[in-house]
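Presented below is the structure to which this report refers.
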Amino acid sequence: MSEYSITTKLVHAGERGEQPVGKPVSTPIYPTATYTYDSMAEMDKVFSGEGGDYVYSRYGNPTVAALEKAVCEAENGKVAVAYASGMAAIHAALAACEITTGSIVLASQDLYGATFDLLNKIFGVYGVKTKTADFNNLDELARIAAELKPRVLLAETISNPLLKVCDIEKVAEIAHEHGAKLVVDNTFASPYLCQPLTLGADFSVHSATKYLSGHADSTGGVVISRDEFDKPNLDGIKKLVGGVLSVWEAHHILRGIKTLALRLEKQCENAEKIAIALSKNAAIEKVYYPNLDDKKSANKVLRGNFGGALVSIKLKNDSREAAWKFMDSLNLAVRATSLGDVYTLVSHSASSSHRELSPKKRETLGIAESLVRISVGIEDVNDIVADIEQALK
Ligand code: PLP
């Protein structure tokens, strides 16, 4: 660069050098928006799809691709595409099912609130109809699917906040019998506890913001499909809607995934101990935990004997005031709306995830005013139990 002025050198010197011969042990972060090639002919090949490499980061990025590969392997999928958030991933999975005007989505009545809003306020505008059913009542679900002939069935592996486990195998059979695709939001279980594609689902979706990342420091989403054929659709939605995962987030999530098994094992062990301890507490009306409520169903879907890492509680004094007083009295557990982090988090469903529902609808779904969801962290379980017990007092 000696022929150039200092101004030009400062702009270009050191950039676009040779790649190192030694392979980096962990995936580098590639914060580049675009890519250059030695010739226009080479670049043209890449644009045409023949070259198969990177041209522009909205289309693909090596750091994001490493994350996609990791999640794809973990879920035994054929294709995985990452997005900017869990919501962007759910949108992409539904769009990849090619729902159009008049299509019916049959959704679990217990879905995450924003997923309903996505179905009604975004897809609904284009004439997609959403119907709901109790996915834990399989006879009823089969009857409704036969009657409605939906394009898609949409379920969550573990429901929020009552933590009902979905029999994915049976629900997939019902979906396929009626020509529908099954999309499973696997966020609450994580790929460590459940692999929906292995159980028959067509798409698995994650809010990577939760267990995959695990440290409350990134936002992202991933869709995994069992079929190569879905790749152009999933890529197309990413390219054209533009909900692209940032390389920085991809790096954080990829790093988080490395400890997913360790974190989840500890979180599940803690959760089970907390569920058992709280079911003996006089201030609690009911503890919701898959291994207490329906261990057989939980063990059919979740790895080993794990019951998941979330516990919900309904207080004897079933009022919002009592729930908030309990939450305000916690010293260790953090009041926050997310889940899946190394920290123990507590959230009040009626005023957060299910805030938009009418009190009547919440009552129908069994979401009590005093219901508090605990996302169990990796702290010493004795400290978590002691904190909850002192706050209950
Ligand atoms: N799916 C479930 C089950 C969730 O709980 C959430 C968020 O809480 C989402 C999807 C949306 O994820 P994100 O916030 O990453 O868009």
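Start at 1 and go down the list; that is how both ligands and their atoms are numbered. On a predicted model such as this, the values are computed, not experimentally measured, just so you know.
Taking a cut-off of under 4.0 Å to the non-hydrogen atoms of Phe188, the atoms of ligand 1 that pass are 3 (C), 5 (O). Ligand 1 places these atoms under 4.0 Å from at least one heavy atom of Ile90: 10 (C). Within ligand 1, counting atoms from 1 as listed, the ones closer than 4.0 Å to a heavy atom of Asp185 are 1 (N), 2 (C), 3 (C), 10 (C).
Relative to the ring axis of Tyr211, Arg263 does not place its NZ or CZ within 45° and under 6.0 Å from the centre.
Geometrically, ligand 1 and Leu339 share no nitrogen or oxygen pair separated by less than 3.5 Å.
In this model, a donor atom of one side chain and an acceptor atom of the other lie less than 3.5 Å apart for Glu75 and Asn186. For the residue pair Asn281 and Glu389, no side-chain donor N or O sits within less than 3.5 Å of a side-chain acceptor on the partner. In the model, Ser108 has no side-chain atom that pairs as donor or acceptor with a side-chain atom of Glu156 under 3.5 Å. Inspection of the Asp230 and Ser225 side chains reveals an N or O donor paired with an N or O acceptor under 3.5 Å.
If you check which protein heavy atom lies closest to atom 14 (O) of ligand 1, you get Lys210 NZ, 3.8 Å.
With a 4.0 Å heavy-atom cut-off, ligand 1 is reached by no atom of Thr115.
Selection from Met87, His206, Glu156, His91 by nearest heavy atom to atom 11 (C) of ligand 1 gives Met87.
Although no hydrogens or angles enter the test, the distance criterion places no donor-acceptor pair under 3.5 Å between the side chain of Asn76 and the main chain of Leu197.
In this structure, Gly220 has a heavy atom closer than 4.0 Å to ligand 1.
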